[in-house]
Amino acid sequence: MTYNFLLPLVVATALIAAAVASDDCTSSYTQLPHGQTPYANDGGCYFCAKFKGSTYPISDLGELSLNCQKMCDNDPKCTAYTIAREATLHAHEYYWGSAANCCLEREEYPPEIYIDAQNGDEPNTCEKEAMCWTRYEQSSTCDKNKKKSKQKKSNVCEPIWKARKINDKKKKKHVDFIKNGCPYKSKKFKSMLDEAYQQCKAEVEADPQPQNVQQKAQQASFQNIGGKRSAWVAHGVIAVIAFGILAPLSAFGPSFPSLFPTEAYSAIHVTTFVLAFVTVFIALQTKKELVDDDFSDLKEKHQLVGLTLLLLVCLQTLGWIHRDQKSDLAHKLITGAGLIVFGFGAYEVTSGCSLFAKHYVSADFGQVYLGYITWLMLMVVGGKLVMKYRGGKARIKYAQVHSKAFELT
């Protein structure tokens, strides 16, 4: 049985995952206070329905935000998006002929275009209309030289108005319109906006304080909604391969020589080293997402153990490559290092699962991994006992045969 395929196969998987992780450039979004929006949307507007083809809008703001965010993520130029409460849609449909509850922004607007519906003054028409809209501003983790990656758009949001460039002339027109309090000529439209304002204001006052939409979305689902999540996943998957599969093989394989011949270990050790190096490299890409007060104790231990693991794997690999030049003591040290790598690896994957779960408010699979490690240890111990039992029976049988042969002679 040959193990020549092991190194290129696993290393290729690791390098692909690392490339995907390093190129990942998605964004998270921060919710602004209700009613603080610009009076312009150059990225286009959409109507997001309860289901594809429906004429009924999404009423749940969390669900609406997730779908509108998908439209923003699908547009590499999008920098923010706003969503509208259901109460204002009938007024917009009356005045504009169509209603949209999701609008995107591409460029930064002058401060005069922004409206604050909760400034404490008696609201004018602009502020009454803005009260029903909530803005989510992009908090990008991308490097300046990287473009935001294009994500899959929502299938329940249909385009209402196309994206359009707002030139300086149009911006001035918007500013003048806002300064005059948005003097729409239709009295019925103003009346409808007033009704919508009262309803939206009551809903806003009953709403909890704004929060990061990334946290809100992750509480609802396990979707990849921003940051370097794919890098975290790649980091974890490669760590499981290195320390949950290859490290146990290198630590316990010598106990089962009939299953794992000696020539396999060079590939196993080198592959483990390469994967450990790659997963540490990916960890450096995600490190900046954890600020100093984010689970600092667990984070520091995880990072320290990770660097220690890389050093141990490096020494173990070098020791194995030059094993023929070593003494019995050196061989024992290499075996001991393998057991330490296995134990530290188990801690590293478990703590990594906990960090991921806390950072992304998702399920913690650390206990599942501990269950797997426990099962693996039981299998190793059970295998050793079976081999010892069979070896004992074989020795007894050999002794009996040898005894009969002696008697015959």
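All residue numbers in this chain count up from 1 along the given sequence.
Under a 3.5 Å cut-off, the side chain of N67 and the backbone N or O of E63 do form a donor-acceptor pair. Side-chain N or O atoms of T88 include none that pairs as donor or acceptor with a backbone N or O of R85 at under 3.5 Å. Although no hydrogens or angles enter the test, the distance criterion places no donor-acceptor pair under 3.5 Å between the side chain of Q36 and the main chain of I115. Using a distance-only test at 3.5 Å, with no hydrogens or angles considered, no donor-acceptor pair links the side chain of E158 to the main chain of C48.
In this structure, the separation between CG on N124 and CG on L193 is 11.0 Å, given to the nearest 0.5 Å. In this structure, CE on M192 lies 12.5 Å from OH on Y95, to the nearest 0.5 angstrom. Interatomic distance, CH2 of W161 versus SG of C103, reported as 7.0 Å (0.5 Å rounding). Rounded to the nearest 0.5 Å, atoms CD (E86) and CG (L64) are 10.0 Å apart. We find the CE-CD distance between M131 and E203 to be 11.0 Å, quoted to the nearest 0.5 Å. Expressed to the nearest 0.5 Å, how far CG of L89 lies from CZ of F47 amounts to 6.5 Å.
A heavy-atom distance below 4.5 Å is not found between the side chains of E137 and T79. Between Y39 and C182, some side-chain heavy-atom pair lies under the 4.5 Å cut-off. Between E105 and P38, the closest side-chain pair of non-hydrogen atoms falls below 4.5 Å. Inter-residue side-chain proximity for D73 and Q69 is flagged as met; some heavy-atom pair is nearer than 4.5 Å. A 4.5 Å side-chain heavy-atom check between T82 and T134 finds every atom pair outside the cut-off. Between E112 and K171 the shortest side-chain heavy-atom distance does not fall below 4.5 Å. Contact of the N101 side chain with the I83 side chain is not registered, since no non-hydrogen atoms from C-beta on lie closer than 4.5 Å. No side-chain heavy atom of N41 sits less than 4.5 Å from a side-chain heavy atom of Y81.
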Check step by step if side chain to side chain contact (heavy atoms under 4.5 Å, CB included) holds for E129 and C126. CA-CA 5 Å; E129 186 175 8; C126 297; over 6 Å; no
Going through the checks in order, is the side chain to side chain contact (heavy atoms under 4.5 Å, CB included) test met by Y46 and L104? CA-CA 9 Å; Y46 301 84; L104 311 183; 3.8 Å; yes
Evaluate the criterion salt bridge (Lys or Arg N to Asp or Glu O under 4.0 Å) for residue pair K172 and D176; output intermediate values, then yes/no. CA-CA 6 Å; K172 185 179 184 306; D176 292 340; 3.1 Å; yes
Before giving the answer on side chain to side chain contact (heavy atoms under 4.5 Å, CB included), spell out for K128 and T125 the whole-Å C-alpha distance, their side-chain angles and the decisive distance to 0.1 Å. CA-CA 5 Å; K128 289 179 179 179; T125 304; 5.5 Å; no
One pair to check against side chain to side chain contact (heavy atoms under 4.5 Å, CB included): V305 and Y347. What are the steps and the verdict? CA-CA 8 Å; V305 172; Y347 168 81; 3.7 Å; yes
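When all heavy atoms of A84 and A100 are compared, the closest pair comes out as CB-O, 4.1 Å. Between M71 and S154 the shortest heavy-atom distance is SD-N, 3.4 Å. The minimum heavy-atom distance linking D42 with R106 is given by the pair OD1-N, 2.8 Å. When all heavy atoms are compared, the tightest approach of I166 to E107 is O-OE2, 3.9 Å. Here the closest non-hydrogen pair linking A40 and I113 is CB-CG2, 4.1 Å. Considering every non-hydrogen atom in both T308 and L304, the closest pair reads OG1-O, 2.8 Å.
Pairing of C200 with C132 by a disulfide is supported, the SG atoms lying closer than 2.5 Å. C157 has its SG atom at least 2.5 Å from the SG atom of C102.
Every residue two or more places apart in sequence or in another chain was checked for a ring pair (Phe, Tyr, Trp, His ring centres under 6.0 Å) with Y94, and none qualifies.
Other residues, nucleotides and ligands place more than 12 heavy atoms under 6.0 Å from the CD atom of Q198. In this structure, K50 places its NZ atom where more than 12 heavy-atom neighbours from other residues, nucleotides or ligands lie under 6.0 Å away. Atom NZ of K153 is surrounded by 12 or fewer heavy atoms from other residues, nucleotides or ligands within 6.0 Å.
Taking the six-membered ring where the residue is Trp, H92 and F189 present tilted rings, their angle falling between 30° and 60°.
There is no side-chain donor-acceptor pair under 3.5 Å between Y29 and S65.
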